[in-house]
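We're numbering straight along the sequence, starting at 1. Counting starts at 1 for both ligands and their atoms, following the listed order.
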Amino acid sequence: MAATTVAPMSSSPADLVREFHLAFGLDARSTPTEISPDLAAHRGELLAEEAAEVAEVSVRGPLDRLAHELADVVYVAYGTALVHGIDLDAVLAEIHRSNMTKIGPDGSVSRRADGKVLKGEHYEAPDVMEVLRRQGWAPDRTG
Ligand SMILES: [Mg+2]
């Protein structure tokens, strides 16, 4: 392989959003951290705005608006995780691991009448606290 090979630009949401936060001087933490209530509320409002925009276009579209607003939700969610110092990819992996336990060992899936996949008897809840501890979170329970 040539020494001059340039790595392709990463397209993982976490990397893209970190680039955005660093470029614009927004908060970016590398360890799960309790942040100020004002900043936490601001991030929550940004996400609520984007979620409301998804709801607006969910039924009537058009499809490009829906795609745009869905991407905005993901972008702001990753940004909020970054502001709190949470590695969201690792949390997503844990949620996925848990969701996949909804399949029984025999491959059976129980569903509600509307099609929603239900938690079977082998379901394992996600352990998000453990994921954050592995990232260095040391919750201060004394307040
Ligand atoms: Mg939007």
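- There is no side-chain donor-acceptor pair under 3.5 Å between Y123 and N99.
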With a cut-off of 3.5 Å and sequence neighbours excluded, list every side-chain donor-acceptor pair involving residues 38-45.
unit_1	atom_1	unit_2	atom_2	d
R43	NE	T80	OG1	3.1
R43	NH2	V76	O	3.2
R43	NH2	T80	OG1	3.3

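- Under 2.8 Å from the Mg ion (ligand 1), one finds the following protein N/O/S atoms: E50 OE1, E53 OE1, E69 OE1, D72 OD2.
- In this structure, CD in E69 is found 10.0 Å from CG in D64, a value given to the nearest 0.5 Å.
- One finds no salt bridge joining D114 and K116 here, because no Lys/Arg side-chain nitrogen approaches an Asp/Glu carboxylate oxygen to under 4.0 Å.
- Heavy-atom minimum distance, L47 versus V73: CD1-O, 3.7 Å.
- Taking 4.0 Å as the cut-off between side-chain N and carboxylate O, R65 and E53 do not count as a salt-bridged pair.
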